[in-house]
Amino acid sequence: MTRIRTTTLIDAPTASVWRVVRDIASHPTWMRDAVAVRFLTDMREGVGTAFDCDTKVGPFRMVDRMEVTEWDEGSVIGITHRGLVTGRGRFTIEPARQDRTRFTWDERLRFPWWAGGPVGGLLASPVLRRIWRSNLRLLKAKVEAGPRSPGPGGSPHPEG
């Protein structure tokens with residue numbers, strides 16, 4: 001099994017990060033490898049939500065079938081990959097100092113035999129890590145450019 005983990009600090013409160021991340025349908029707007037999301041359930045969030053994600057890495061395309069297996073409102077989304085690549089993934093959102101948020105993306109993936117199995121996973125991990133770091137830069141930019149959660153007194157910024 002291949003493990004890929006990457007983290008970023010986002011200059012926004014956790015509620016602002018959660019607002020973007022919880023919207024699974026919009027993930028292709030900040031994930032370069034995600035082309036489209038098609039829901040397989042009526043649910044769009046929460047445990048049991050299932051969807052296909054058209055994925056493209058370089059010349060390789062596949063459909064990644066996923067199901068949400070963990071949903072801790074405001075802090076965690078866990079998924080199971082049930083497509084050609086199997087495994088588990090998890091987004092964790094944690095408060096950091098000065099109204100910042102630590103966002104961690106952790107994946108444990110198993111590649112099929114025809115993609116090299118464990119060796120294919122080992123070879124793919126630096127490429128995927130680079131793509132996911134880029135994805136987190138896009139997520140950071142998207143969250144930081146968007147509306148912020150109200151601070152004390154209802155102002156979007158604590159100083160306002």
Side-chain angles (χ1 to χ4, degrees), residues 2-96 99-112 115 121 124-125 127-151 156-157:
T2 299
R3 182 173 188 201
I4 302 166
R5 184 175 192 265
T6 189
T7 299
T8 192
L9 281 175
I10 300 174
D11 293 321
T14 57
S16 296
V17 177
W18 180 253
R19 187 179 310 109
V20 172
V21 173
R22 78 178 300 150
D23 182 9
I24 296 168
S26 74
H27 285 188
T29 66
W30 57 271
M31 292 182 175
R32 291 184 190 271
D33 51 324
V35 176
V37 169
R38 291 183 312 284
F39 288 96
L40 304 171
T41 57
D42 289 335
M43 296 170 42
R44 297 294 185 258
E45 62 181 42
V47 172
T49 300
F51 57 98
D52 283 343
C53 181
D54 296 336
T55 304
K56 182 179 184 280
V57 176
F60 303 103
R61 292 180 177 265
M62 64 176 232
V63 175
D64 191 3
R65 178 154 290 174
M66 293 183 248
E67 181 177 343
V68 177
T69 54
E70 185 179 9
W71 187 279
D72 187 0
E73 189 70 25
S75 63
V76 176
I77 298 175
I79 60 106
T80 298
H81 296 270
R82 301 185 191 278
L84 299 172
V85 173
T86 59
R88 294 191 172 279
R90 192 170 199 244
F91 294 152
T92 306
I93 298 169
E94 302 170 295
D99 212 22
R100 298 171 87 195
T101 300
R102 181 179 324 287
F103 182 88
T104 302
W105 185 347
D106 192 5
E107 294 272 356
R108 291 182 168 109
L109 302 172
R110 180 171 286 121
F111 288 77
S125 65
V127 173
L128 294 176
R129 186 171 288 110
R130 188 170 58 247
I131 290 169
W132 290 340
R133 282 183 182 150
S134 174
N135 289 346
L136 292 191
R137 283 192 296 274
L138 289 171
L139 173 63
K140 177 178 171 64
K142 180 179 178 92
V143 172
E144 291 175 0
R148 294 172 65 94
S149 293
H157 300 283

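Residues take their numbers from the sequence shown, with the count starting at 1.
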Query raised in the report: Where do Arg90 and Val76 land on the side-chain contact (heavy atoms from CB on, under 4.5 Å) test, with the steps shown first?
Result: CA-CA 7 Å; Arg90 192 170 199 244; Val76 176; 3.5 Å; yes

Query - side-chain contact (heavy atoms from CB on, under 4.5 Å) assessment of Met43 paired with Val68 - result: CA-CA 10 Å; Met43 296 170 42; Val68 177; over 6 Å; no

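Within the 4.5 Å cutoff, the side chain of Met62 has no heavy atoms near those of the Val57 side chain. Between Val85 and Thr55, every side-chain heavy-atom pair lies at or beyond the 4.5 Å cut-off. Within the 4.5 Å cutoff, side-chain heavy atoms of Glu144 are placed close to those of Ile10.
One finds the SG atom of Cys53 at 7.5 Å from the CE atom of Met31 (value rounded to the nearest 0.5 Å). Rounding to the nearest 0.5 Å places CG of Leu9 at 8.5 Å from OG1 of Thr101. Ser16 OG to Lys142 NZ: the interatomic distance, rounded to the nearest 0.5 Å, is 13.0 Å. Distance check, rounded to the nearest 0.5 Å: CH2 of Trp71 to CD1 of Ile79 gives 12.0 Å. Atoms CZ and OG1, from Phe111 and Thr86 in turn, are 9.5 Å apart once rounded to the nearest 0.5 Å. Distance check: Lys140 NZ to Leu138 CG gives 12.0 Å after rounding to the nearest 0.5 Å.
For the residue pair Val20 and Ser26, the shortest heavy atom distance occurs at O-OG, 3.9 Å. The nearest pair of heavy atoms linking Val35 to Pro28 is O-CB, 3.9 Å. Closest heavy-atom contact between Ile24 and Val37: O-CG2, 3.8 Å. Here the closest non-hydrogen pair linking Ser125 and Thr2 is CB-CG2, 3.7 Å.
Side chain of His81 to backbone of Arg65: no donor-acceptor contact under 3.5 angstrom is found. Of the possible polar contacts, one joining the Arg44 side chain to the Thr41 backbone as a donor-acceptor pair under 3.5 Å is found. Judged by distance alone, the side chain of Lys56 and the main-chain N or O of Gly58 form a donor-acceptor pair under 3.5 Å. Formation of a donor-acceptor pair under 3.5 Å by the Thr6 side chain with backbone atoms of Trp105 is not found in this model.
Taking Arg100 as the reference, Asp11 meet the side chain to side chain donor-acceptor pair (under 3.5 Å) condition, with sequence neighbours excluded. Every residue two or more places apart in sequence or in another chain that forms a side chain to side chain donor-acceptor pair (under 3.5 Å) with Asp33 is listed here: Trp132, Asn135.
Other residues, nucleotides and ligands contribute over 12 non-hydrogen atoms within 6.0 Å of the CZ atom of Arg38. For CZ of Phe60, the number of neighbouring non-hydrogen atoms (other residues, nucleotides, ligands) closer than 6.0 Å is 12 at most.
For residues 101-112, the set of pairs meeting the salt bridge (charged side-chain N to carboxylate O under 4.0 Å, His left out) definition, not counting sequence neighbours, comprises Arg3-Asp106.
The residue from Thr92, Thr8, Thr7 that alone fulfils the side-chain hydrogen bond (donor to acceptor under 3.5 Å, both in side chains) condition with Thr104 is Thr7.
Note: Trp30 and Phe91 have tilted aromatic rings, judged against thresholds of 30 and 60 degrees for the angle between ring planes.
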